[in-house]
Amino acid sequence: MTHPSNVFYRSRQPSPTAVRGEGVYLFDAGGRRYLDGSSGALVANVGHGRAEVGEAMARQARELPFVHGSQFTSPVLEEYAARLVRFLGLPDYRFWAVSGGSEANESAIKLARQYHVERGEPGRYRVVTRVPSYHGASLGALAASGMGARRALYAPLMNEAAWPKMPRPDPTLGGEDDAERLRAVLEEAGPETVAAFIAEPVVGASDAALAPNPGYHARVAEICREYGVLFIADEVMSGMGRCGTPLAVRLGGEVTPDIVVLGKGLAAGYAPLAGLAASGEVYDTVMNGSGAFKHGFTYAGHPVSVAAGLSVLHIVEREGLVECARVRGERLLAGLRELQAKHPGVLEARGHGLLLGLVLGDPATGRAFETPGIAARVAAAALRRGLITYPGSGAVDGTRGDHLLLGPPLTVTDGEVIEMLEALDGALGEVG
Ligand code: PMP
């Protein structure tokens with residue numbers, strides 16, 4: 001054993017021990033304070049240590065901790081689904097609750113396939129996805145993902161031919177022209193074989209908060225409709241207000257995807273909760289066809305998780321956190337752009353609301369490093385200064401480069417934004 005413990009750690013490096021959270025801060029076993037500048041992978045939207053969420057969960061655990069979703073619904077799930085779709089601006093949608101983003105994307109892909117079977121089009125099984133992208137760790141969601149490094153150790157993935165690939169958004173193109181590239185992918189795949197197109201409206205861990213230009217998603221939705229393909233927006237990271245709007249897919253214009261996938265911010269880390277919102281048309285097609293979505297997980301719609309989600313949604317609405325994300329996000333992005341001007345190793349600062357990314361590279365050439373590693377070094381230097389960031393690789397062309405994702409809780413104050421920028425400035429200066 002590399003170190004004495006019964007915990008199966010994710011890597012050879014033992015993980016530091018976090019013992020307490022309060023607001024945007026986490027505290028380790030030695031009492032040291034860290035500003036959680038990544039919300040634990042863009043999850044902790046309402047901040048840490050909110051007693052009212054814990055109390056709502058405890059009440060639910062006392063009253064009705066568990067029902068199996070194939071046998072019962074529950075008052076908390078009914079109330080949550082109604083409030084959630086209102087918050088999202090998807091009033092006639094149906095919410096399906098699961099425990100994590102990977103499960104939610106698996107559910108969305110299976111629902112899209114079943115939708116076409118119910119319509120007498122069983123040949124539509126493929127799902128167009130983008131490179132790079134991340135849709136989850138389970139074998140199906142990973143096969144859907146365009147993320148080379150995470151795929152290589154687990155080959156063969158599920159039927160590679162089932163996932164035709166669309167290039168990443170190109171910010172040098174107008175949004176509509178950029179989206180038009182989907183048409184060529186569909187034509188080449190044979191649209192009669194395609195069930196859905198899935199994309200992250202603001203790309204998360206695989207592409208450092210990259211977003212297409214306005215008009216992209218509306219045109220994507222039009223093309224999908226034209227070809228009879230469902231449009232799935234994977235808003236696991238970008239949704240629930242993180243990008244300064246309830247749904248990031250609407251940042252560049254009005255659009256209504258057929259299925260929206262949510263996770264992370266739904267219960268803000270207080271409980272495992274993710275899910276999908278499906279349009280009335282998708283839902284009715286299944287219910288008027290064979291009459292059931294023949295899919296489920298033991299913990300689908302878990303009342304304690306849903307109670308956490310409901311409490312989090314109350315907080316988000318009561319405290320106006322969507323607007324906070326927009327306003328504080330603008331300040332943080334402006335500060336990151338100042339850091340870009342000061343540190344030649346910062347090639348780009350980008351993103352929306354509090355889903356922001358720094359693309360890092362070689363200060364001598366202003367280009368990406370061929371070997372990743374710089375982001376991890378900057379993240380380690382930031383951590384020494386008490387700031388948690390989320391480092392990753394592959395931000396320049398989807399295969400090369402390094403990046404840091406930044407996304408503090410939506411409750412972050414102006415003073416805490418400055419604290420983040422000062423720590424980052426020091427870390428970037430140290431790593432050079
Ligand atoms: N989709 C996106 C866009 C994500 O960012 C993630 C997680 N990083 C997932 C899906 C998978 O979610 P989970 O880790 O909860 O299974």
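In listed order, ligands and their atoms are each counted from 1.
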How far is [atom] from the closest protein heavy atom, and which atom is that?
| atom | answer |
| --- | --- |
| atom 16 (O) of ligand 1 | S102 OG, 2.5 Å |
| atom 12 (O) of ligand 1 | G101 CA, 3.2 Å |
| atom 2 (C) of ligand 1 | Y134 O, 3.3 Å |
| atom 8 (N) of ligand 1 | K264 NZ, 3.0 Å |
| atom 9 (C) of ligand 1 | V236 CG1, 3.8 Å |
| atom 1 (N) of ligand 1 | D234 OD2, 2.8 Å |

Is it possible for you to check whether R20 lies under 6.0 Å from the centre of the six-membered ring of F27, through NZ or CZ, and within 45° of that ring's axis?
yes
Taking Y125's backbone N and O only, do any of them form a donor-acceptor pair with R113's side chain (distance below 3.5 Å, no angle check)?
yes
Give the contacting part of [X] toward ligand 1: side chain, backbone, both or neither, where contact means a heavy-atom distance below 4.0 Å.
| X | value |
| --- | --- |
| N105 | side chain |
| E103 | neither |
| E200 | side chain |

Out of all atoms in ligand 1, which are within 4.0 Å of some heavy atom of [X]? Include the element for each.
| X | answer |
| --- | --- |
| M237 | 5 (O) |
| G136 | 11 (C) |
| G100 | 15 (O) |

Greater than 12 external heavy atoms within 6.0 Å of E317's CD:
yes
May I ask you to check whether over 12 heavy atoms, not counting those of R10, lie within 6.0 Å of atom CZ?
no
Under 3.5 Å, side-chain donor or acceptor atoms of residues 271-284 against the rest of the protein: list the pairs with distances, not counting sequence neighbours.
residue: S279; atom: OG; partner: E281; partner atom: N; Å: 3.4
residue: S279; atom: OG; partner: V282; partner atom: N; Å: 3.1
residue: E281; atom: OE1; partner: Y115; partner atom: OH; Å: 2.9
residue: E281; atom: OE2; partner: Y115; partner atom: OH; Å: 3.3
residue: E281; atom: OE2; partner: T285; partner atom: OG1; Å: 3.4

Classify the ring geometry between Y299 and F66 as parallel (under 30°), tilted (30 to 60°) or perpendicular (over 60°).
perpendicular
Aromatic plane relationship, F293 with H295 - under 30° parallel, 30 to 60° tilted, over 60° perpendicular:
tilted
Looking at residues at least two apart in the chain, or sitting in another chain, which of them share a side chain to side chain donor-acceptor pair (under 3.5 Å) with D258?
none
